[in-house]
Amino acid sequence: ENAKSDWDSYETSWDFQSLPLLTASSDPTPTLESSYTAWTRENRDTIAEMKRLEEENNRLFIDAYGLADELTPDVPIEQITLTVNPAYRYGGKLTEEEQWTRFRQDTMEELVSYAIGCMMGRYSLDAPGLIYAHSGNEGFDPSRYTTFPADHDAIIPILEGNWFTDDIVERLKEFLKVTFGTENYEENLRYLEDGLYPSNLEGKKRKTIREYFLKEFYNNHVQTYKKRPIYWLFSSPKGSFNALIYLHRYRSDTVSTVLNDYLREFKTKLRARLDNEQTLAADAGASKSDKTKALKETERLKKMLTELEDWEREVLYPLAAEKLEIDLDDGVKHNYPLFGKALKKIAGLS
């Protein structure tokens, strides 16, 4: 029972219900930190109980076969095969403190992954288990997501700034407020970021949740699902534009939606920003430093627009025109390459 519960605590289990971290604390208004502390306390108790049970079994067999002089019933902590046991999960030469630091990092990544599942409609804060994993968005029922609404089109932009209302960072922040309240929101966000980036606690340059989404989230997702991702990342060659979609809600017009409602809209906003920067650079009343910054930003925006225009013309527009239908029964290995350079490259899959 303990082992099954441990396995089902992770979303790669078919019987996954919800994230234990969200219900671990008995506090009426838990913070992310108090919830994590409660969950690790629960995990330590489970590890200790499993160790006791395994050693009791060993003792019974040793007594039954008269092997008391040959064997010891003791079981090393790293042999307690629970996912919530860092000594087993990471092993190696890490100290106990380093093992728990890594466990916290993985737990925060799992929280982010579950939040995205709720954004996409895979999971819901209103009901346990898998909510939507059909195909073609058929039968998708928005009314099943009242506490935290699922994204209307299952397309979530991941950009270097907050350019859209359903920007992934803004939606993650909304998820934190819904699950842990608004009172300690800043504290919770900081705890999440410090968990994802232990270097933040060492006084190094602080890294944020946006950096995580831009640089690390998708690689972690691909690794979690063994190179068979359920969320696919549309990404321009240099990553100036990224949009995440949910495979099970993909429709033949999804690429057109990415193109028209997100990429082209983003380009329009970039051009407006470019006009502002060019105006500032030419403003006789602006300071020298402001002009220098404006010129630098102008060049950056021009390069971004060139990249996105080329990508639209050569890759995304032709793909959108195809109105590509996919059969989920063909599997990710077959379907992912059909999208060519529109999707983030995955070694051995693209």
*Asks:* Verify the ring-centre separation between F175 and F180: is it less than 6.0 angstrom?
*Replies:*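 Ring-ring flag for F180/F175: false, centres at least 6.0 Å apart.
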*Asks:* Run the salt bridge (charged side-chain N to carboxylate O under 4.0 Å, His left out) test on E325 and R251 for me, step by step, so that the C-alpha distance in whole Å, both residues' side-chain angles and the decisive distance to 0.1 Å come before the verdict.
*Replies:* CA-CA 7 Å; E325 300 266 7; R251 306 185 312 180; over 6 Å; no
*Asks:* Could you go through the side chain to side chain donor-acceptor pair (under 3.5 Å) check for Y90 and D106 one step at a time?
*Replies:* CA-CA 11 Å; Y90 310 118; D106 284 347; 2.6 Å; yes
*Asks:* For a quick test of your reading: what N or O donor-acceptor pairs under 3.5 Å do the side chains of residues 278-286 make, sequence neighbours left out?
*Replies:*
{"from": "T279", "atom 1": "OG1", "to": "D275", "atom 2": "O", "distance (Å)": "2.8"}
{"from": "D283", "atom 1": "OD1", "to": "G285", "atom 2": "N", "distance (Å)": "2.9"}

*Asks:* For F140, what residues pass the ring-ring contact (aromatic ring centres under 6.0 Å, His included) criterion, not counting sequence neighbours?
*Replies:*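 Checked F140 against ring-ring contact (aromatic ring centres under 6.0 Å, His included); matches are Y132, Y145.
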*Asks:* Side-chain donor-acceptor pair under 3.5 Å between Y225 and E11, yes or no?
*Replies:*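 Yes - a donor-acceptor pair under 3.5 Å links their side chains.
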*Asks:* Determine whether the side chains of D15 and S13 contain a donor N or O and an acceptor N or O closer than 3.5 Å.
*Replies:*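 Side chains of D15 and S13: no pair found under 3.5 Å.
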*Asks:* Any chance CZ of R228 has more than 12 other-residue heavy atoms, nucleotides or ligands included, within less than 6.0 Å?
*Replies:*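 More than 12 within 6.0 Å, yes.
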*Asks:* Please give the remaining members of the hydrophobic cluster of L201, linking ILVMFWY side chains under 4.5 Å, ordered by chain and number.
*Replies:*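 Via sub-4.5 Å side-chain contacts, L201 links to none.
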*Asks:* Tell me yes or no: between the side chains of E307 and S236, is some donor less than 3.5 Å from an acceptor?
*Replies:*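 Side-chain D/A pair, E307 to S236: present.
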*Asks:* Can you list the steps and then say if R249 with D153 is a salt bridge (charged side-chain N to carboxylate O under 4.0 Å, His left out)?
*Replies:* CA-CA 8 Å; R249 290 182 65 190; D153 57 14; over 6 Å; no
*Asks:* Hydrogens and angles aside, do T31 and N188 bring a side-chain donor and acceptor to less than 3.5 Å of each other?
*Replies:*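 There is no such pair (donor and acceptor under 3.5 Å, judged by atom type) between the side chains of T31 and N188.
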*Asks:* Show the numbers, then the answer: is there a salt bridge (charged side-chain N to carboxylate O under 4.0 Å, His left out) between E55 and R52?
*Replies:* CA-CA 5 Å; E55 290 178 344; R52 185 191 69 79; over 6 Å; no
*Asks:* Less than 4.5 Å apart, side chain to side chain, heavy atoms only: is that true for Y317 and L263?
*Replies:*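 They are not in contact (no side-chain heavy atoms under 4.5 Å apart), so the answer is no.
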*Asks:* Take atom CZ of R89 as the centre, draw a 6.0 Å sphere, and report whether it contains more than 12 heavy atoms from other residues, nucleotides or ligands.
*Replies:*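 Enclosed.
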*Asks:* Are the side chains of R122 and Y231 in touch, meaning some heavy atoms are under 4.5 Å apart?
*Replies:*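 Yes, close enough: below the 4.5 Å cut-off.
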*Asks:* Regarding D126 and T146, do their side chains bring together a donor and an acceptor under 3.5 Å, going by distance alone?
*Replies:*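 The answer is yes; a qualifying pair exists.
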*Asks:* Tell me yes or no: between the side chains of Y114 and E109, is some donor less than 3.5 Å from an acceptor?
*Replies:*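 Judged by distance alone, the side chains do not pair up.
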*Asks:* Measure centre to centre between the rings of F16 and Y123, then say whether the value is under 6.0 Å.
*Replies:*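 Centroid separation for F16 and Y123: below 6.0 Å.
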*Asks:* Is a donor from one side chain sitting under 3.5 angstrom from an acceptor on the other, for Y212 and N220?
*Replies:*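 There is such a pair between these side chains.
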*Asks:* Salt bridge (charged side-chain N to carboxylate O under 4.0 Å, His left out): which pairs involve residues 332-344, sequence neighbours left out?
*Replies:*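 For residues 332-344: none.
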*Asks:* Against Y197, only a single residue in E211, K207, E216 fulfils side chain to side chain donor-acceptor pair (under 3.5 Å); can you say which?
*Replies:*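 Considering E211, K207, E216, a side chain to side chain donor-acceptor pair (under 3.5 Å) with Y197 is found only for E216.
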*Asks:* So D290 and S287, side chain to side chain donor-acceptor pair (under 3.5 Å) or not? Walk me through it.
*Replies:* CA-CA 5 Å; D290 285 345; S287 68; 3.1 Å; yes
*Asks:* Backbone N or O of F164 within a donor-acceptor pair of the D167 side chain at under 3.5 Å?
*Replies:*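 Looks like no, no N/O pair under 3.5 Å.
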*Asks:* Classify the ring geometry of F339 against Y250: parallel below 30°, tilted from 30° to 60°, perpendicular beyond 60°.
*Replies:*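 Answer is perpendicular, since the angle exceeds 60°.
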*Asks:* Quick check: do L111 and L32 have side-chain heavy atoms less than 4.5 Å from each other?
*Replies:*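 The answer is yes, as the side chains (C-beta and beyond) meet within the 4.5 Å cut-off.
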*Asks:* Is it the case that over 12 heavy atoms from other parts of the model lie below 6.0 angstrom from the OH atom of Y10?
*Replies:*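 More than 12 heavy atoms, drawn from other residues, nucleotides or ligands, come within 6.0 Å of this atom.
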*Asks:* Around atom CD of E56, are there more than 12 heavy atoms from other residues, nucleotides or ligands closer than 6.0 Å?
*Replies:*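 Atom CD in E56 is crowded, with more than 12 foreign heavy atoms closer than 6.0 Å.
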*Asks:* Taking N2's backbone N and O only, do any of them form a donor-acceptor pair with D6's side chain (distance below 3.5 Å, no angle check)?
*Replies:*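 Answer holds: no.
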*Asks:* Filter on side-chain hydrogen bond (donor to acceptor under 3.5 Å, both in side chains), then keep only pairs touching residues 35-46, sequence neighbours left out; what's left?
*Replies:*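 Sorted pair list comes back empty.
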*Asks:* Evaluate E193 against R190 for salt bridge (charged side-chain N to carboxylate O under 4.0 Å, His left out), listing each step before the verdict.
*Replies:* CA-CA 5 Å; E193 291 175 339; R190 190 176 187 87; over 6 Å; no
*Asks:* Pairs under 3.5 angstrom only: tabulate donor-acceptor contacts from the side chains of residues 69-80 to other protein residues two or more places apart or in another chain.
*Replies:*
{"from": "T72", "atom 1": "OG1", "to": "D74", "atom 2": "N", "distance (Å)": "3.3"}
{"from": "T72", "atom 1": "OG1", "to": "D74", "atom 2": "OD2", "distance (Å)": "3.3"}

*Asks:* I'd like to know if the side chain of Y191 pairs up with that of N184 as donor and acceptor (distance under 3.5 Å, no hydrogens or angles considered).
*Replies:*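 No - no donor-acceptor pair under 3.5 Å links their side chains.
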